[in-house]
Amino acid sequence: MKTIILITAALIYFVSPVDAIPDFLIGIGFVDDGAVIAYVFSALNEDIESFKTWKEEKDRTSQ
């Protein structure tokens with residue numbers, strides 16, 4: 001559930017015209033958007049690694 005909320009919030013922030021750094025500032029306008037997306041990818045990577053570990057353990061115990 002946390003992951004779905006995180007992805008939804010990041011998408012809303014990315015498309016929202018209200019940003020910490022306005023997008024019309026050429027060169028730095030998308031820095032905050034990129035930081036949010038990078039954070040979400042990092043969090044997703046942690047969740048995916050946790051799932052893979054859980055799945056591998058489950059497969060080992062079921063054999």
Side-chain angles (χ1 to χ4, degrees):
M1 187 61 140
K2 175 188 132 192
T3 302
I4 294 170
I5 292 170
L6 190 62
I7 291 170
T8 304
L11 287 173
I12 290 170
Y13 183 80
F14 187 70
V15 298
S16 172
V18 179
D19 281 346
I21 301 173
D23 292 340
F24 66 82
L25 295 174
I26 298 172
I28 62 168
F30 291 105
V31 171
D32 60 329
D33 294 335
V36 169
I37 298 298
Y39 172 75
V40 170
F41 278 134
S42 174
L44 287 176
N45 189 35
E46 291 174 12
D47 287 348
I48 290 169
E49 291 300 322
S50 296
F51 174 77
K52 285 170 48 177
T53 302
W54 171 82
K55 178 76 170 141
E56 289 170 358
E57 289 177 10
K58 183 180 175 201
D59 289 344
R60 273 190 239 138
T61 58
S62 66
Q63 292 178 1

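If you're wondering where the values come from, they're calculated on a predicted model, not measured in any experiment.
Under the 4.5 Å side-chain heavy-atom criterion for Ile, Leu, Val, Met, Phe, Trp and Tyr, Phe30 and Ile37 are members of distinct hydrophobic clusters. Ile5 and Phe41 fall into different hydrophobic clusters, where Ile, Leu, Val, Met, Phe, Trp and Tyr residues are linked whenever their side-chain heavy atoms come under 4.5 Å apart, directly or through other members.
The line from CD1 of Ile21 to CG of Asp32 is 4.5 Å long, rounded to the nearest 0.5 Å.
The side-chain contact (heavy atoms from CB on, under 4.5 Å) test applied to Leu11 returns Ile7, not counting sequence neighbours. Taking Lys52 as the reference, Ile48, Glu49 meet the side-chain contact (heavy atoms from CB on, under 4.5 Å) condition, with sequence neighbours excluded. Annotation: side-chain contact (heavy atoms from CB on, under 4.5 Å) contacts of Thr53 (sequence neighbours excluded): Glu57.
Residues Val40 and Leu44 meet the side-chain proximity criterion, which asks for heavy atoms closer than 4.5 Å.
In Phe14, the CZ atom is not crowded: 12 or fewer heavy atoms of neighbouring residues, nucleotides or ligands sit closer than 6.0 Å.
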